[in-house]
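I have placed the structure first, in the form of structure tokens, so that the comments after it can refer back to it.
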Amino acid sequence: MSAIAGLVLRGRRVPDAAPLEALSAALAHRGPASGPPVLGPGLGLVGRGLPAEPLSAGAATLVASHLLAAPEALRAAQGLPEARDAELPLLLYRRRGLDFGAVLGGAHALAVADHAMRRLVLARDAFGLAPLYFAETSLGVAFASEPAALIAAGFATPRLRPAARDELLQLRFTTGAETIFEGIQRVLPAECLAIAGGAIVERRRAPPLPEGGPEAISEPEALARFEAAFLASLAARVQGATPGLLLTGGAGAAALVAGVARLGLPPLPAFAPVLEGQAAPGDAIPIPVTRDAFWACLPALAQALDDPSAEPAHVLHWLLAEAARGQVPALLAPDGSSELLAGHGRHRAAMRPWWLWGRAMRARGAFDRLETLGIEPRAWRDGIAAAETAEAGSGRSRLQVAQAVDMGDWLTNGLLAGLDRCCARHGIEARAPFLDAGVVAATFRLPDALKVRGGEGKHLLRRWLGTPSPRTSPRLPIGAWLEAEAARLGPLVARQPGVAEICRPGRAEALFRRATDRRAGAAAWNLLFYALWHRAHVEGVAPRGDAFEALS
């Protein structure tokens, strides 16, 4: 949940402390200040929830928000037996230059001030669990762990990019390096970016996924390889202060519980969402997910998701992190397991040819053919199409291409961005054992038949668990909740400035009146989230009360 931010000026003068302090203040929810700003010629750095003093080695200084997944193994592999955990990124940078991030593993967003080369280097982990953004301004380049901090400190304005807004409405997330805010970009997963003289001089990105098509490997061999990698990843992420488990359901959550047991560890505190009439699995702490809790959390959730993701799973992320606050310092989440092991129906559809009812992923947007929007979005799928083209080739199967596209944008900018914000707002660090380099190497190139079998995904994981159908994720009855409140909710949403400028008169209200219809309900939810998000981040109105009060 820690954070970094900073400014690289076009000249060599030492920057003022005020804008750096503004960046730090906007990230206060991610941890206590790590000390005063670190200032130097043309450079300023700040941190939250980090060591009190920045690390230095020779002519370089490190400010990092990172978790090294297996520091002992990294020390051994890199021949640095005496290095402290926190020093490893800096020592590897001195040795490998802009390629250093590719060997770090874990989740990291870090900045290295290279004084000798007069440049600042930013790097981000392979799947983007640790967030990092930047804005190019007349002063130079500013960066921060959240785009809202760049806006709050005056380095960008909350002006929307219409193309990204259309992606959000149709897809529930946005794609690529550009965010929804004009002038704010993401440091991409597995990317290393060099800034000198207040300008970006190089962007280098390592392939986050293994190259090549499916390997020829037997099921017993694949199971052994997966178990070794997964248990090593899990063991590395339970070290130190005892974390908890985020049991949002499905085979991925079941694997976290089983993995802890197979490591011979005592059970970890586990938090599981339960709907009315349900029970929590095993000894997990049940967290009720009620209609009232749903309406109450939405304004704060929308405010937290400054890089917006309208995925309903974030409601569960928020409520479970809220319940775990003060009880555990970190939560192990199953996020990434469905994308890595083909657990989504869209993966199974994409792997079939068209004459067997196959279809491209996300071929239809949430508002297609509903005649709700004033101008139907035309280019909302361009980012997905570009990713499909980029990921094809190298002998990859249809299924692998679908997985790679999902992991490149949806996983990073949708699921993980929301998981990070939900946990950070409650003082908790999110960890994702499935998104370990070893686990990815052990699973991505598995034969399709070891991922999907009998019309069901995650075959290998289910075989490892020894059960055909672990408890599935709770399906929130959002459509029913929206329709039950349609009479007051529909008009409230429709008259919000962000919604009124894009919807036809009367059409938004109509969606809420038939929200139990799957397609209408999905579009209604997207509009509700967008209305709350727009109010917080574009109109600048602080959330107050539940969703109804916040929109009143």
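Residues L27 and R30 form a side-chain contact, since some pair of their non-hydrogen atoms from C-beta on lies under 4.5 Å apart. Proximity of L122 to I195: side-chain heavy atoms (C-beta onward) are separated by under 4.5 Å at one or more points. Side-chain contact check for F434 versus L461: some heavy-atom pair is nearer than 4.5 Å. Here the side chains of L45 and L120 are in contact, with some heavy-atom distance below 4.5 Å. L305 has its side chain within reach of L301: a pair of non-hydrogen atoms, C-beta onward, lies under 4.5 Å apart. For the pair E339/Q403, no side-chain contact is recorded, criterion being any heavy-atom separation below 4.5 Å from C-beta on. The side-chain heavy atoms of L129 and L435, taken from C-beta on, include no pair separated by under 4.5 Å.
Ion pair E322/R325 not flagged as a salt bridge, since none of the NZ, NE, NH1 or NH2 atoms sits closer than 4.0 Å to an Asp/Glu carboxylate oxygen. Between E202 and R204 there is a salt bridge, with a side-chain nitrogen of the basic residue lying less than 4.0 Å from a carboxylate oxygen of the acidic one. Checked for salt-bridge contact, D114 and R94 miss the test: no charged N lies under 4.0 Å from a carboxylate O. With respect to D166 and R161, no salt bridge is recorded, no charged nitrogen being found less than 4.0 Å from a carboxylate O. By the 4.0 Å N-to-carboxylate-O rule, R237 lies close enough to D436 to be salt-bridged with it.
Looking at residues two or more places apart in sequence or on another chain, you find a side-chain contact (heavy atoms from CB on, under 4.5 Å) between A330 and P243, E429, R431. Scored by the side-chain contact (heavy atoms from CB on, under 4.5 Å) test, A152 finds A26 as partners (sequence neighbours excluded). Here F226 pairs with F230, W464 under the ring-ring contact (aromatic ring centres under 6.0 Å, His included) rule; sequence neighbours left out. Here R205 pairs with nothing under the side-chain hydrogen bond (donor to acceptor under 3.5 Å, both in side chains) rule; sequence neighbours left out. Remark: R348 engages no residue in a salt bridge (Lys or Arg N to Asp or Glu O under 4.0 Å) (not counting sequence neighbours). The side-chain hydrogen bond (donor to acceptor under 3.5 Å, both in side chains) search around D335 returns H317, not counting sequence neighbours. Among residues two or more places apart in sequence or in another chain, the side-chain hydrogen bond (donor to acceptor under 3.5 Å, both in side chains) test is passed with S338 by K458. Residues that satisfy the side-chain contact (heavy atoms from CB on, under 4.5 Å) test with Q78, not counting sequence neighbours, are L74, L80, L92, R95, R96, V103. Partners of A270 under the side-chain contact (heavy atoms from CB on, under 4.5 Å) rule, at least two apart in sequence or in another chain, are L245, L247, A284. Qualifying side-chain hydrogen bond (donor to acceptor under 3.5 Å, both in side chains) partners for T412, counting only residues two or more places apart in sequence or in other chains: none.
Here ring-ring contact (aromatic ring centres under 6.0 Å, His included) pairs that include residues 405-425, with residues two or more places apart or in two chains, are F173-W410. Sorted by first and then second residue, the salt bridge (charged side-chain N to carboxylate O under 4.0 Å, His left out) pairs involving residues 169-188 (not counting sequence neighbours) are R159-E182, R186-D307.
R381 places a side-chain N or O within 3.5 Å of a backbone atom of R362 that can act as its donor or acceptor partner. Not one N or O on the side chain of T174 forms a donor-acceptor pair closer than 3.5 Å with the backbone of A164. K451 places a side-chain N or O within donor-acceptor distance of the main-chain N or O of F444, the cut-off being under 3.5 Å. At distances below 3.5 Å, not a single donor-acceptor pair connects side-chain atoms of H314 with backbone N or O atoms of A310. S309 places a side-chain N or O within 3.5 Å of a backbone atom of G414 that can act as its donor or acceptor partner. Formation of a donor-acceptor pair under 3.5 Å by the H537 side chain with backbone atoms of A304 is not found in this model. Side chain of D125 to main chain of A107: no donor-acceptor pair is present (N/O by atom type, distance under 3.5 Å, no hydrogens or angles). Of the possible polar contacts, none joining the T242 side chain to the V238 backbone as a donor-acceptor pair under 3.5 Å is found. Using a distance-only test at 3.5 Å, with no hydrogens or angles considered, no donor-acceptor pair links the side chain of R462 to the main chain of A251. Proximity of a side-chain donor or acceptor of E191 to a complementary backbone N or O of L188 within less than 3.5 Å is detected.
Aromatic ring pairs are classed by plane angle as parallel below 30°, tilted from 30° to 60° and perpendicular above 60°; the pair W533 and Y530 is parallel.
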Report task. Begin from the C-alpha positions of D448 and S397 and carry the test side-chain hydrogen bond (donor to acceptor under 3.5 Å, both in side chains) through to its verdict. Result -> CA-CA 8 Å; D448 290 357; S397 67; 3.1 Å; yes
Report task. Applying side-chain contact (heavy atoms from CB on, under 4.5 Å), run through F134 and L150 and close with a yes or a no. Result -> CA-CA 8 Å; F134 68 92; L150 294 170; 5.5 Å; no
Report task. Decide yes or no on side-chain contact (heavy atoms from CB on, under 4.5 Å) for L399 and V452, but give the supporting numbers first. Result -> CA-CA 9 Å; L399 178 58; V452 177; 4.1 Å; yes
Query - Full working for side-chain hydrogen bond (donor to acceptor under 3.5 Å, both in side chains) between R48 and S24 - result: CA-CA 7 Å; R48 283 273 176 179; S24 180; 3.1 Å; yes
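Across A321 and L331, no two heavy atoms sit closer than the pair CA-CD1, 4.2 Å. Residues D306 and F181 approach most closely at O-CE1, 3.5 Å, considering heavy atoms. Residue L263 comes nearest to L231 through the heavy atom pair CD2-O, 3.8 Å, listed as atom of the first residue, atom of the second, then distance. P433 and V439 get closest at one heavy-atom pair: O-CG2, 3.8 Å. Counting all heavy atoms, side chain and backbone alike, A366 lies closest to N526 at CB-ND2, 3.4 Å. Between P131 and R421, the closest heavy-atom pair is CB-NH1, 3.7 Å.
Side-chain atoms of T179 and Q185 form no donor-acceptor pair, as typed in the model, at a separation below 3.5 Å. A donor-acceptor contact closer than 3.5 angstrom is absent between the side chains of Q400 and H347.
Within the 6.0 Å centre-distance limit, the rings of F100 and Y93 are counted as a close aromatic pair.
With L110 as reference, L104 is the one residue of V121, L132, L104 to meet the side chain to side chain contact (heavy atoms under 4.5 Å, CB included) rule.
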